[in-house]
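Below is one structure, written out as structure tokens, with a few remarks after it.
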Amino acid sequence: RKEVEQDPGPFNVPEGATVAFNCTYSNSASQSFFWYRQDCRKEPKLLMSVYSSGNEDGRFTAQLNRASQYISLLIRDSKLSDSATYLCVVGPRGSTLGRLYFGRGTQLTVWP
Amino acid sequence: SQTIHQWPATLVQPVGSPLSLECTVEGTSNPNLYWYRQAAGRGLQLLFYSVGIGQISSEVPQNLSASRPQDRQFILSSKKLLLSDSGFYLCAWKDQKGEQYFGPGTRLTVT
């Protein structure tokens, strides 16, 4: 079983739509959770960390369900510029030496 | 603030030729450093990571090697490239919160 699994999509939505991405992870001992965004032919960039209580950054909301080992990302009022691949990432406690596990990504296209 | 540099940005090399990719980090000391490869249409594959000068851990045995000659320098090398080495090579560093930040990457095409 893969460490991190995501629906690869693609998700094609109109501007202004709300879209949600889901991700599951296999290691119950995981302590750190992130969403990254990767534009075509560019490096991944940190979108937001995911905290146990859930967190929001503008139009983006991330949720963590430890019992179900499930992470979600909600994008409200989608913009054309949100078109990208979104990577779900899981790892050990922040200061612990260890690798991060990246999902294969969910592709989003926002159309006008 | 911290910045991470990689060069070259793009590279076209023949099969059997050597490879040297360089990564440097500014604005932090003793960072954990990572090399990843992303093949076309694939996810990120961790190749090597380093917690300090001269300390390298390999995740995937292959014809690549890594070295860390200085605190903020991380080098990826190969003596003889294979066609399957083509891909997008990314260097990253990790902060105390566990967040990883990537360099701009090197796009390698082996012909």
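Just so it is clear: chains get the letters A, B, ... in the order the sequence lines come, proteins before strands, and each one is counted from 1. Computation of the quantities below employed the complete heavy-atom set of this structure, encompassing side-chain atoms and omitting hydrogens, waters and symmetry-equivalent molecules.
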**OP:** Check whether more than 12 heavy atoms from other residues, nucleotides or ligands sit under 6.0 Å from atom CZ of A:Arg76, and answer yes or no.
**Re:**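 Yes, because the 6.0 Å sphere around CZ of A:Arg76 holds more than 12 heavy atoms from other groups.
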Original post:
Side chains of B:Asp85 and B:Asn63: do they bring a donor and an acceptor to under 3.5 Å?
Top reply: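 A donor-acceptor contact under 3.5 Å links the two side chains.
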Subject >> Distance-only donor-acceptor check, side chains B:Thr28 and B:Arg72, under 3.5 Å >> reply: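 No.
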Please state whether the side chain, the backbone, both or neither of [X] comes within less than 4.5 Å of a heavy atom of chain A.
X: B:Arg42; result: both
X: B:Phe102; result: both
X: B:Gln45; result: neither

Subject >> Any A:Leu87 side-chain heavy atom under 4.5 Å of A:Trp35 side chain >> reply: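 No, too far: nothing below the 4.5 Å cut-off.
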Original post:
chain B heavy atoms under 4.5 Å from A:Tyr36: which part of the residue, side chain, backbone, both or neither?
Top reply: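 Side chain of A:Tyr36 only, per the 4.5 Å heavy-atom cut-off to chain B.
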